[in-house]
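Before any comments, here is the structure.
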Protein chains: 2
Amino acid sequence: MAGVQRGPRERMVFSAAQLIRHDGVGATGMRDVAEHANAPRGSLQHYFPGGKEQLVGEAVAWAGRYAGGRVARFMADLAEPTPSALFAAMVRQWTDEYETAGVLGGCPVAAATVDCAASEATREAAAAAFTTWRGPVAEALTELGVPAERAEPLATLMISSLEGAIIMARAEGDVRPLTTVARELGPLLDAAVPPDDRRGEA
Amino acid sequence: MAGVQRGPRERMVFSAAQLIRHDGVGATGMRDVAEHANAPRGSLQHYFPGGKEQLVGEAVAWAGRYAGGRVARFMADLAEPTPSALFAAMVRQWTDEYETAGVLGGCPVAAATVDCAASEATREAAAAAFTTWRGPVAEALTELGVPAERAEPLATLMISSLEGAIIMARAEGDVRPLTTVARELGPLLDAAVPPDDRRGEA
DNA sequence: ACCTTTCCATGACAGCGGTCATAGTAGCCG
DNA sequence: CGGCTACTATGACCGCTGTCATGGAAAGGT
């Protein structure tokens, strides 16, 4: 993802997100995070006095911001400005990872949600992350001509389908669910923009 | 769910599925499973010599069979035989649980997929579970008049959206994503059955 | 009665988890 | 230099986990 080498603190948050989305929250240890980030273990308690809960929370928040930010970049690169093309780009981010890395990673936010039972704070962080992801998607949809009252529901549908397809794809070890979802959902998304708006938005 | 009290072995598999979907795979201990099932701890090593991996695998398989079996029951109870009604019933199973239990549980299969990194066997069990779930859904769709070649893809879309919505709903602590997905996806599903088949299937 | 199989009980072990306590280093300000 | 703050290092603690070893109870067949 964004492989820039910022300060140790930022690297640790980033590494935490990486490890969480790969192994799950419970299976990622603090020591692993420090090692993966090439950061001193002693820094953990200095930068994250709130312990693992804080680290996980920041990792999830980071993932939410990242996902939201990607939407803007996708919009800029769209060959044709349609909702289905945006969704296809969102899906392609995941299939591309499979092609290059050979493995299908998961979504840190979903991982945090699945074993959030221990910590209410983590659940709230995940909820916030979904919100900061859904917002830009809904905005993008309205930019693409989707009526305002349908933008939020459709954004929810897009993210839900994507998250579910990621899980199924990981289980099967194949991108099929991802590509299927992109193909099947496309027409519905495009049908949401009124005919007089087709081919014309900024 | 199916609260029948069978033998201790079956109870333990059932309890494992319950705990996994609530806490995640890593966070559910073998001792917890035995206690939750009112089963002796010593039975674990007797019934599941394969250890936790075996228990998790059977719990996931059980969940897959359960989900697949539910589809048939949903079909029998449908007020009107449309794909959207089937999907609504699938979604309602989860919103109902929220109404009664006050908490939103997760899906054991999704939970197993998320932290399956440690065990390839678990990943395969999850894949198998998704297959034994998707099969009945696709069959039901064809029974409802969906052309054969679209049944499987649409089943994948339905399950993906449902799984994703479950996760978002858990994070937000609200059923909104579930109801939204059901409402938004309904028209697409019904549109898949050709006009000359509307109102007529067995 | 006796023995075999199935099932249950319990305690021990080794490993790893997060967290705390303590102490050391680097840099900057006076 | 002294003192202060930011950061790093390391080791110890306690709790928990899955697993194993050993031994005890039923049960049922002969």
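Quick caveat: nothing in here was measured; it's all calculated off a predicted structure. Below, chains carry the letters A, B, ... as their sequence lines are ordered, and counting in each starts from 1.
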Round to a whole Å and report the spacing from CG of A:Asp32 to P of C:dT19.
-> 14 Å
Donor + acceptor pair across side chains of B:Ser84, B:Asp190 (<3.5 Å) = yes
Are A:Glu139 and A:Arg134 ion-paired here, with the side-chain N under 4.0 Å from a carboxylate O?
-> no
Roughly how many Å is it from CG in A:Leu55 to P in C:dT19, rounded to a whole number?
-> 10 Å
Write down the distance between CZ (A:Arg9) and P (D:dT8), rounded to a whole number of angstrom.
-> 12 Å
Residue pair B:Gly51 / B:Met30: nearest heavy atoms and the distance that separates them | C-CE, 3.8 Å
Given atom NZ of B:Lys52 and atom P of C:dC16, what is their separation to the nearest angstrom?
-> 15 Å
Atom CG of B:Asp115 to atom P of D:dG18: distance rounded to whole Å?
-> 12 Å
D:dT8 phosphate, OP1 or OP2, under 4.0 Å from A:His46 side-chain N/O = no
Between D:dT19 (P) and B:Gln54 (CD): distance, integer Å | 10 Å
Think A:Ser43 has a side-chain N or O under 4.0 angstrom from the OP1 or OP2 of D:dC7?
-> no
Between A:Thr156 and B:Thr180, do the side chains contain an N or O donor and an N or O acceptor separated by less than 3.5 Å?
-> no
Answer yes or no: does a side-chain N or O of B:Tyr47 lie under 4.0 Å from OP1 or OP2 of C:dC8?
-> yes
Nucleotide nearest A:Arg31 (side chain, heavy atoms from C-beta), chosen from D:dG18, C:dG18, D:dA9 = C:dG18
On DNA chain C, check which nucleotide each of B:Gln45 and A:Gly51 is closest to and give me the residue with the more 5' one.
-> B:Gln45
Which nucleotide, C:dG17, D:dA9, D:dG18, lies nearest any side-chain atom of B:Met30?
-> D:dG18
Verify salt bridge (charged side-chain N to carboxylate O under 4.0 Å, His left out) between A:Arg21 and A:Glu97, making sure each step is shown before the conclusion.
-> CA-CA 13 Å; A:Arg21 84 198 195 91; A:Glu97 184 193 355; 2.6 Å; yes
Whole-Å distance separating the CG atom of A:Leu44 from the P atom of D:dT10 | 14 Å
Please state how far atom CZ in B:Arg41 lies from atom C1' in D:dA21, giving the value in whole angstrom units.
-> 12 Å
